[in-house]
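As structure tokens, the structure follows; a few thoughts come after it.
Residue numbering restarts at 1 for every chain, and letters A, B, ... go by the order of the sequence lines.
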Amino acid sequence: MLRVRFAPSPTGFLHIGSARTFIFNWLYARRNGGTMILRIDDTDVERNTDASLQSIHEGLNWLDLGWDEFYRQSDRLQLHAEVAEAIFNKGLAYRDFTPADHEEGEKSRAGGPWLFNPGMRELSREQSDRRAAIGEKFVLRFRVPRDGGRQVRFTDLVYGEQTKAGADIEDFALLRSDGTPTYHLASCADDADLKISHVIRGQDHLSNTFKHVLIFEGAGVPPPLFAHLPLLVAPDGTKLSKRKHGAVVSVTTYRDAGFLPQAYVNFLCLLGWSPKDDREQMSRQDLIDAFSFGGVNRSNAVVNFTEQDPIDQKALWLNSQHLRTMPVAELLPYVEAELAKAGFKIPYDDEWLERTVDLIRARYFTLHDFVTRGRAYFVDEFPIEPDALEKLNKPGAREGLRELGKRLTAEQFTEQTVESELRKLAEELGVKAGILINGARAALTGQSVGPSAFHLFIAIGKERAVARLCGV
RNA sequence: GGCGCUAUCGUCUAAUGGUUAGGACGGAGCCCUCUCAAGGCUUUAAUACGGGUUCGACUCCCGUUAGCGCUACCA
């Protein structure tokens with residue numbers, strides 16, 4: 001039974017790297033008929049916030065991928081304590097009574113790594129019990145086997161065979177002096193209890209995995225399979241952080257920029273993974289079908305943004321591709337939500353909306369474009385852009401457009417009739433058809449660019465078109 | 001400092017040890033055209049460096065350099 005989990009700690013908003021980890025877990029589960037688990041790793045009481053938890057949900061909901069089971073580590077403290085005790089009882093962990101603040105200065109990088117506090121590892125069980133009994137504070141440390149050239153090893157599904165000498169692993173903590181579990185312990189205990197089969201997470205945990213293997217062994221549980229993902233980094237190669245890089249690291253930034261979730265998911269997948277053919281635009285199902293660890297890269301991927309433009313150009317392009325080619329019916333709800341947010345009322349029926357959206361989306365990049373560049377299709381007050389004004393100021397343009405407006409009133413209103421009427425008028429007036437065509441686009445939309453002018457007449461509708469022409 | 005991981009166009013990436021090192025985004029240009037897109041075509045640009053192994057290395061090995069990660073009673 002394949003079971004994977006995404007285990008964020010609620011200490012900030014949903015980071016785009018975390019989002020990608022979630023996506024890869026989800027893809028792997030869906031690909032192989034497994035179970036996707038969302039587990040909130042909230043053992044660090046000091047730093048957890050409800051706002052963060054909410055933000056994570058908000059981001060995940062937008063991605064619209066879902067999960068099958070939900071847990072919170074803070075509800076499972078009992079389990080963590082039991083696992084710690086079991087390890088301790090086997091003699092694989094010991095109490096370290098060294099006061100917390102004592103260590104700080106001691107751990108300088110200078111003379112090599114800190115491995116354990118001398119004297120504590122060798123404390124007899126009797127002494128240890130005695131000191132604990134009188135209430136002396138201690139942290140429970142794993143007794144890392146560092147004798148006889150002992151090696152800790154595991155096979156990473158992405159990075160391959162991994163080996164580290166026990167002698168290079170410090171006696172890490174399992175329980176803090178207040179009795180709460182550390183991340184390492186809680187994570188492994190939960191992974192074991194929840195029968196997680198594959199741990200898919202960021203590469204920043206690759207070296208921690210040796211410790212985790214030790215914990216699983218200590219708990220007498222076969223370790224899950226591990227797959228580490230390359231990190232997402234900033235253009236300068238440093239880790240993406242809220243403080244340094246601001247909004248770009250939050251998934252809500254892309255949502256608020258008018259991205260389609262499926263396009264954003266697509267973009268994130270292409271960072272550190274490839275289907276190995278030349279496909280770029282992929283639907284959710286395409287991604288599920290193509291996903292495997294064999295396609296995951298081992299080097300960090302740069303999210304290409306600048307201070308002026310927080311959006312990666314490729315993400316924007318991908319969004320435009322999805323926007324323009326997905327079934328209109330699927331796009332409609334997103335557009336309607338966008339229009340509603342802007343306070344626009346849809347002037348005609350659903351059929352008109354679908355046709356119009358289909359017409360204008362061909363040159364849009366984000367959902368925002370529908371209410372900015374697409375404004376004139378939905379409401380009557382819209383600005384005339386400078387380029388459009390230029391078209392209207394062409395000699396003969398305004399007069400011709402007003403005349404066209406008058407003539408159209410009597411006409412049947414189809415692309416063909418409008419076109420023939422316009423061309424006839426142009427000939428009569430002795431102006432080039434382009435003057436009236438481009439002028440009409442400017443008059444109807446306030447823009448010098450847009451769809452074919454004759455399609456546009458139909459989308460704007462007879463009544464509004466005539467009014468706009470006569471009003472130039 | 002120690003340990004681990006990584007290194008292909010500006011960016012994302014492809015390439016059973018044998019390719020003119022491919023695709024995409026971005027940039028430039030042309031075609032098409034009622035504008036803008038789209039589309040078509042062309043173009044720009046890479047195997048970090050140095051040694052091996054091999055008939056042959058982007059690919060395997062070693063070293064150097066650089067980056068990242070871990071080295072907490074954070075996760």
task = Could you tell me whether A:Tyr364 contacts a base, only the sugar-phosphate backbone, or nothing, with contacts defined as non-hydrogen atoms closer than 4.0 Å?
result = nothing
key: Base paired to B:U19 (Watson-Crick or G-U; both N/O distances under 3.5 angstrom)   = none
inquiry  = Under a 3.5 Å distance rule, please check whether A:Asn25 uses its side chain to pair with a backbone N or O of A:Thr21 as donor and acceptor.
reply    = yes
request  = Tell me whether the guanidinium CZ or amine NZ of A:Arg324 lies under 6.0 angstrom from the six-membered ring centre of A:Phe365 and within 45° of its axis.
outcome  = yes
query = Base, sugar-phosphate alone, or nothing: which one does A:Ser448 contact when heavy atoms must sit under 4.0 Å apart?
reply = base
Over-ring placement of A:Arg76 relative to A:Tyr71, 6.0 Å and 45° cut-offs = yes
request  = Classify the side chain of A:Ser177 and the base of B:C73 as holding, or not holding, a donor-acceptor pair under 3.5 Å.
outcome  = yes
request  = Whole angstrom is fine here: how far is it from CG in A:Asp191 over to P in B:A75?
outcome  = 14 Å
Distance test, side-chain N/O of A:Asn297 to OP1/OP2 of B:A14, below 4.0 Å = yes
task = Could you measure between the two C1' atoms, the one in B:U59 and the one in B:G52, and give it in whole Å?
result = 15 Å
query = Would you say a side-chain N or O of A:Arg141 is under 4.0 Å from OP1 or OP2 of B:C73?
reply = yes
inquiry  = Between B:C34 and B:U13, how many Å separate the two P atoms, rounded to a whole number?
reply    = 42 Å
request  = Rounded off to whole Å, could you give me the CZ-to-C1' distance for the A:Phe365 and B:C25 pair?
outcome  = 11 Å
task = With a 3.5 angstrom cut-off on both distances, give the Watson-Crick or G-U wobble partner of B:C34, or none if there isn't one.
result = none
key: For atom CH2 of A:Trp273 and atom P of B:A14, their distance in whole Å   = 10 Å
message = Within the 4.0 Å heavy-atom criterion, would you say A:Gly434 contacts the bases, only the backbone, or no part of the nucleic acid?
response = nothing
ask   = Does OP1 or OP2 of B:U6 have a side-chain N or O of A:Gln203 closer than 4.0 Å?
value = no
inquiry  = At 4.0 Å (heavy atoms only), tell me whether A:Lys211 reaches a base, stays on the sugar-phosphate, or touches nothing.
reply    = sugar-phosphate
key: From B:U71, B:C34, B:U8, nucleotide with atom closest to A:Ile437 side chain   = B:C34
task = Just name whichever nucleotide pairs with B:C41, Watson-Crick or G-U, keeping both distances under 3.5 Å, else none.
result = B:G29
ask   = Nearest of B:C34, B:G4, B:A14 to any side-chain atom of A:Gln162?
value = B:G4
message = Considering every strand and a 4.0 Å limit on heavy-atom distances, what is the contact class for A:Pro451: base, sugar-phosphate, or nothing?
response = base
inquiry  = Do A:Arg20 and A:Phe24 form a cation-pi contact, if we require the NZ or CZ to be under 6.0 Å from the six-membered ring centre and within 45 degrees of the ring's axis?
reply    = yes
Proximal nucleotide (of B:U71, B:C12, B:G22) relative to the A:Asp278 side chain = B:G22
inquiry  = Pair A:Glu161, A:Phe154 - check side-chain contact (heavy atoms from CB on, under 4.5 Å), show working.
reply    = CA-CA 6 Å; A:Glu161 294 297 322; A:Phe154 66 94; over 6 Å; no
inquiry  = Taking atom types as they are modelled, would you say the side chain of A:Arg441 forms a donor-acceptor pair with the base of B:C34 within the 3.5 Å cutoff?
reply    = yes
message = Regarding A:Lys239, tell me which of base, sugar-phosphate or nothing describes its non-hydrogen contacts under 4.0 Å with the strands shown.
response = sugar-phosphate
request  = Could you check how far NE2 of A:His455 sits from P of B:U33, rounded to whole Å?
outcome  = 16 Å
task = Return no unless some side-chain N or O of A:Lys137 is found under 4.0 Å from OP1 or OP2 of B:C73.
result = no
request  = Determine which nucleotide pairs with B:G1, using a 3.5 Å limit on both distances of a Watson-Crick or G-U wobble pair.
outcome  = B:U71
task = Could you say whether A:His205 or A:Lys164 is positioned toward the 5' end of RNA chain B, judged by the nucleotide with the nearest heavy atom to each?
result = A:Lys164
key: Separation of B:A72 P from A:Phe116 CZ (nearest whole Å)   = 14 Å
request  = Have a look at A:Arg324 and say if it touches a base, only the backbone sugar-phosphate, or nothing, with a 4.0 Å heavy-atom cut-off.
outcome  = sugar-phosphate
key: Base B:C34 to side chain A:Ser452, donor-acceptor N/O within 3.5 Å cut-off   = yes
ask   = Do the side chain of A:Asn208 and the base of B:A75 come within less than 3.5 angstrom through a donor-acceptor pair of N or O atoms?
value = yes
ask   = Looking at A:Phe382, is A:Arg375 sitting on its ring face, NZ or CZ under 6.0 Å from the six-membered ring centre and within 45 degrees of the normal?
value = no
key: Separation of atom NZ in A:Lys314 from atom C1' in B:C9, rounded to whole Å   = 12 Å
request  = Can you tell me, in whole Å, how much space there is between the P of B:U42 and that of B:G56?
outcome  = 36 Å
ask   = With rounding to whole Å, what would you report as the distance between B:G63 and B:G4 at their P atoms?
value = 11 Å
key: Contact under 4.0 Å: A:Lys276 side-chain N or O vs B:A14 OP1/OP2   = yes
ask   = C1' atom, B:U43 versus B:A48: distance in rounded Å?
value = 27 Å
A:Leu206 CG - B:C5 P separation (whole Å) = 7 Å
key: Near-ring test A:His228/A:Phe293, centroid separation under 6.0 angstrom   = no
remark   = Of the candidates B:C12, B:C73, B:G1, the side chain of A:Pro113 sits closest to B:G1
key: Distance, C1' atom - from B:A15 to B:A57, rounded to whole angstrom   = 13 Å
query = For B:A7, what is the paired nucleotide under Watson-Crick or G-U wobble rules, both distances under 3.5 Å?
reply = B:U65
request  = Apply the side-chain contact (heavy atoms from CB on, under 4.5 Å) test between A:Val303 and each candidate in A:Ile311, A:Ile16, A:Val249, A:Val248; give the one that qualifies.
outcome  = A:Ile16
inquiry  = Please pick, from B:C36, B:C3, B:G26, the nucleotide with the shortest atom-to-atom distance to any side-chain atom of A:Asp168.
reply    = B:C3
request  = Taking atom P in both B:U47 and B:C58, compute the distance separating them and give it to the nearest angstrom.
outcome  = 11 Å
task = Under 4.0 Å between any heavy atoms, over every strand shown, what does A:Glu170 touch: base, sugar-phosphate, or nothing? Just pick one.
result = sugar-phosphate
ask   = Reckon A:Ala433 touches a base, only the sugar-phosphate, or nothing at all at heavy-atom distances under 4.0 Å?
value = nothing
ask   = With a cut-off of under 6.0 Å to the ring centre and 45° to the axis, is A:Arg131 in cation-pi contact with A:Phe97?
value = yes
inquiry  = With a 4.0 Å limit, can you tell me whether A:Thr43 has a side-chain N or O closer than that to the phosphate oxygens OP1/OP2 of B:A75?
reply    = yes
query = Parallel, tilted or perpendicular for A:Phe70 and A:Trp67, by the 30°/60° rule?
reply = tilted
request  = Quick one: label A:Gly272 by what it contacts on the DNA or RNA (base, sugar-phosphate, nothing), any heavy atom closer than 4.0 Å.
outcome  = sugar-phosphate
query = Once you round it to whole Å, what is the distance between P of B:C68 and OH of A:Tyr159?
reply = 15 Å
Separation of the P atoms in B:A14 and B:U6, to the nearest angstrom = 15 Å
request  = State which of B:C34, B:C12, B:A75 makes the closest approach to the side chain of A:Leu271.
outcome  = B:C12
